[in-house]
*Asks:* 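Handing you a structure now.
Predicted model, so just to flag it, every value in this text is computed and none were measured. Nothing fancy with the numbering, it's 1 onward along the sequence.
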Amino acid sequence: MTTSALFKLFSREYQFTESRQSYHMPPTLDNSHIPTHSIGHVKSFVRREGRITTGQERAIKELWQRFGVDITSPFDPQRLFGRHAPLVLEIGFGDGEALATTCLTHPEMDFLGIEVHRPGLGHLLLRAFGMELTNLRVIHCDAVEVLERYLPDESLDRVQIFFPDPWPKLRHHKRRLIQPTFVSAVTKKLKPHGQLHIATDCDSYAYSILAILTATTELENTATDGGFARGPAYRPMTKFERRCKHAGRPVWEIRFAKCA
């Protein structure tokens with residue numbers, strides 16, 4: 001199928017997705033082209049697969065070779081993108097709309113997105129194809145495993161995590177992604193002066209994140225008062241964030257930089 005034909009097909013499917021109609025996919029669906037891994041630790045996510053549209057499923061099948069990263073061993077991001085450029089890692093990009101917009105408005109930077117939920121993965125691939133993005137690659141894997149096994153140390157200029165699952169009940173706090181061991185793993189991958197940027201609408205999680213990052217000696221708060229930061233211009237508002245603001249819930253921004 002030609003590129004123009006693919007674009008027309010995916011454009012129709014994207015419009016279909018936007019109309020909020022979807023299909024339940026059969027259980028025999030083949031995703032063998034996307035790797036799965038056995039993780040030896042408690043996962044920082046729950047697979048709430050939900051519904052995936054035919055367009056999203058087709059995007060994963062047809063566009064994975066172009067945008068996807070099959071990781072079986074440590075990889076060199078510069079070879080992956082074919083150039084030397086600032087590299088941003090986004091963990092849990094959701095439907096990918098905000099990440100796609102950021103890629104489009106910052107062509108001078110490369111972006112690596114990690115997501116475990118296939119509907120969001122397919123949605124982002126549709127957008128990436130339609131926008132003709134060349135500075136985006138995606139990984140379908142647990143972020144903890146990627147950080148521990150596959151990314152080289154001091155390779156990232158920024159790690160961004162927007163609205164991670166807050167696990168609000170006290171007994172579930174151990175499942176929160178932002179824990180000291182995770183922050184330590186992230187810090188090793190940041191270049192000197194590289195930033196860790198987290199946003200959440202959960203106040204208890206926000207203060208927990210702030211305390212954990214403040215206690216990490218390799219990081220320093222970019223907010224001069226040692227508290228929460230202002231939202232940066234590079235981050236477009238996500239669909240989830242618009243709902244937060246409509247409901248009157250504040251969004252907490254935490255931005256720390258790795259010490260030189």
*Asks:* Is the CZ atom of Arg242 crowded by more than 12 outside heavy atoms at less than 6.0 Å?
*Replies:*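 Enclosed.
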*Asks:* The test is side-chain contact (heavy atoms from CB on, under 4.5 Å); show your working for Asp70 and Trp64 and say whether it passes.
*Replies:* CA-CA 9 Å; Asp70 294 318; Trp64 186 256; 2.8 Å; yes
*Asks:* Could you please spell out the steps behind the side-chain contact (heavy atoms from CB on, under 4.5 Å) verdict for Gln195 and Phe256?
*Replies:* CA-CA 6 Å; Gln195 291 199 359; Phe256 277 66; over 6 Å; no
*Asks:* To the nearest 0.5 Å, what is the distance between CZ on Arg137 and CZ on Arg66?
*Replies:* 9.0 Å
*Asks:* List the atom of Ile91, the atom of Ala143, and the distance in Å for their closest heavy-atom pair.
*Replies:* CG2-CB, 3.5 Å
*Asks:* Evaluate side-chain contact (heavy atoms from CB on, under 4.5 Å) for Leu151 paired with Leu89, printing each intermediate quantity in order.
*Replies:* CA-CA 10 Å; Leu151 270 175; Leu89 172 67; 4.1 Å; yes
*Asks:* Would you say Val138 and Ile114 make side-chain contact, with heavy atoms under 4.5 Å?
*Replies:*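 Heavy-atom side-chain distance check fails, nothing below 4.5 Å.
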*Asks:* Tell me whether Ser184 contacts the main-chain N or O of Pro180 through its side chain, where contact means a donor paired with an acceptor under 3.5 Å.
*Replies:* no
*Asks:* I'd like to know if Asp153 pairs up with Lys188 as an ion pair, taking the criterion as any Lys NZ or Arg NE/NH1/NH2 lying under 4.0 Å from an Asp or Glu carboxylate oxygen.
*Replies:* no
*Asks:* Any donor-acceptor pair under 3.5 Å linking the side chain of His140 with the backbone of Val116?
*Replies:*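 Side chain of His140 to backbone of Val116, a donor-acceptor pair under 3.5 Å: yes, one is there.
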*Asks:* Does a side-chain heavy-atom distance below 4.5 Å link His84 with Pro77?
*Replies:* no
*Asks:* Considering residues at least two apart in sequence or located in another chain, which fulfil the side chain to side chain donor-acceptor pair (under 3.5 Å) criterion with Lys245?
*Replies:*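 Side chain to side chain donor-acceptor pair (under 3.5 Å) list for Lys245, sorted by chain: empty.
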*Asks:* Looking only at non-hydrogen atoms, find the nearest pair between Phe228 and Ala223 and report the distance.
*Replies:*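 That would be O-CB, 3.6 Å.
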*Asks:* With rounding to the nearest 0.5 angstrom, report the NE2 to CD1 distance, His117 to Ile52.
*Replies:*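 The NE2 atom of His117 sits 12.0 Å away from the CD1 atom of Ile52.
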*Asks:* Might you point out which heavy atoms bring Ala229 and Thr222 nearest each other, and give the distance in Å?
*Replies:* CB-OG1, 4.5 Å
*Asks:* Please give me the minimum heavy-atom distance between Gly122 and Ile60, naming the atom from each residue.
*Replies:* CA-CG1, 3.8 Å
*Asks:* Using side-chain heavy atoms (C-beta onward) and a distance below 4.5 Å, is Thr200 in contact with Ile178?
*Replies:*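 With C-beta onward as the side chain, the pair stays apart.
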*Asks:* Taking the side chain as C-beta and beyond, is there a heavy-atom pair between Cys259 and Glu220 under 4.5 Å?
*Replies:* yes
*Asks:* Got a second to check how far Asp201's CG is from Arg243's CZ, nearest 0.5 Å?
*Replies:*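 Taking CG in Asp201 and CZ in Arg243, the distance rounds to 10.0 Å.
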*Asks:* Is it the case that over 12 heavy atoms from other parts of the model lie below 6.0 angstrom from the CD atom of Glu132?
*Replies:*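 No, the 6.0 Å shell around CD holds no more than 12 heavy atoms from other groups.
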*Asks:* Would a distance-only check, ignoring hydrogens and angles, find a side-chain to backbone donor-acceptor pair under 3.5 Å from Asp157 to Leu190?
*Replies:*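 Not a single qualifying donor-acceptor pair exists.
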*Asks:* Check whether Thr216 reaches the backbone of Leu219 with its side chain - one donor and one acceptor, N or O, closer than 3.5 Å.
*Replies:*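 Flag not set: sc Thr216 to bb Leu219 has no pair under 3.5 Å.
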*Asks:* How long is the gap from NE2 on His123 to CG on Leu121, to the nearest 0.5 Å?
*Replies:*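 If we round to the nearest 0.5 Å, His123:NE2 and Leu121:CG are 11.5 Å apart.
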*Asks:* Assess whether a salt bridge exists between Arg118 and Glu57, defined as any Lys/Arg side-chain N lying under 4.0 Å from an Asp/Glu carboxylate O.
*Replies:* yes
*Asks:* Counting only N and O atoms by type, is there a donor-acceptor contact under 3.5 Å from the side chain of Gln56 to the main-chain atoms of Thr53?
*Replies:* yes
*Asks:* Tell me whether Leu156 is reachable from Leu80 by hopping between hydrophobic residues (I, L, V, M, F, W, Y) whose side-chain heavy atoms are closer than 4.5 Å.
*Replies:*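 Yes, Leu80 and Leu156 fall within the same hydrophobic cluster.
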*Asks:* Are Arg127 and Glu97 ion-paired here, with the side-chain N under 4.0 Å from a carboxylate O?
*Replies:*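 Looking at Arg127 and Glu97, the cut-off is met.
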*Asks:* Counting C-beta onward and ignoring hydrogens, is there a side-chain heavy-atom pair between Asp95 and Leu124 closer than 4.5 Å?
*Replies:*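 No; the side chains remain at least 4.5 Å from each other.
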*Asks:* So, for Trp167 and Tyr205, is the gap between ring centers shorter than 6.0 Å?
*Replies:* no
*Asks:* Got a salt bridge between Arg149 and Glu145, using NZ or NE/NH1/NH2 to carboxylate O under 4.0 Å?
*Replies:*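 Yes, this pair counts.
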*Asks:* Are side-chain heavy atoms of Val159 and Val88 found at a separation under 4.5 Å?
*Replies:* no
*Asks:* May I ask you to decide if the ring planes of His106 and Phe111 are parallel, tilted or perpendicular, using 30° and 60° as cut-offs?
*Replies:*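 His106 and Phe111: tilted rings.
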*Asks:* Under a 4.5 Å cut-off applied to non-hydrogen side-chain atoms, are Leu147 and Phe182 in contact?
*Replies:* yes
*Asks:* Quick check for you: to the nearest 0.5 Å, what is the distance between Asn135 atom CG and Leu104 atom CG?
*Replies:* 8.5 Å
*Asks:* In terms of side-chain geometry, is the basic nitrogen of Lys258 or Glu154 positioned less than 4.0 Å from the acidic oxygen of its partner?
*Replies:* yes
*Asks:* Ala199 and Glu253: which non-hydrogen atoms are nearest, and at how many Å?
*Replies:* CB-OE1, 3.8 Å
*Asks:* Taking all non-hydrogen atoms of both residues into account, name the closest pair between Phe81 and Thr134 and its distance.
*Replies:*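 Looking at all heavy atoms of both residues, the shortest contact is CD2-O, 4.4 Å.
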*Asks:* Does a side chain donor of either His173 or Arg176 reach within less than 3.5 Å of an acceptor in the other side chain?
*Replies:* yes
*Asks:* Which ILVMFWY residues can you reach from Phe162 by hopping between side chains whose heavy atoms are under 4.5 Å apart?
*Replies:*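 So far as hydrophobic clustering goes, Phe162 is joined with Phe163, Phe240, Val251.
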*Asks:* Measure the spacing between CG of Leu210 and CD1 of Ile254 and express it to the nearest 0.5 Å.
*Replies:* 6.5 Å
*Asks:* If you measure from the Lys or Arg side-chain nitrogens to the Asp or Glu carboxylate oxygens, is any gap between Arg83 and Asp110 under 4.0 Å?
*Replies:* yes
*Asks:* Identify whether Tyr234 and Met109 are in the same connected component of the hydrophobic contact network (ILVMFWY, side-chain heavy atoms under 4.5 Å).
*Replies:*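 Tyr234 does not cluster with Met109.
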*Asks:* Passes side-chain contact (heavy atoms from CB on, under 4.5 Å), Val146 versus Ile71? Steps please.
*Replies:* CA-CA 8 Å; Val146 174; Ile71 50 174; 3.8 Å; yes
*Asks:* So, do Ile139 and Leu112 sit near enough that their side-chain heavy atoms are less than 4.5 Å apart?
*Replies:* yes
*Asks:* Can a donor-acceptor pair be found, under 3.5 Å and without considering hydrogens, that links the side chain of Glu115 to the backbone of Phe93?
*Replies:*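 Pair found, side chain donor or acceptor close to backbone of Phe93.
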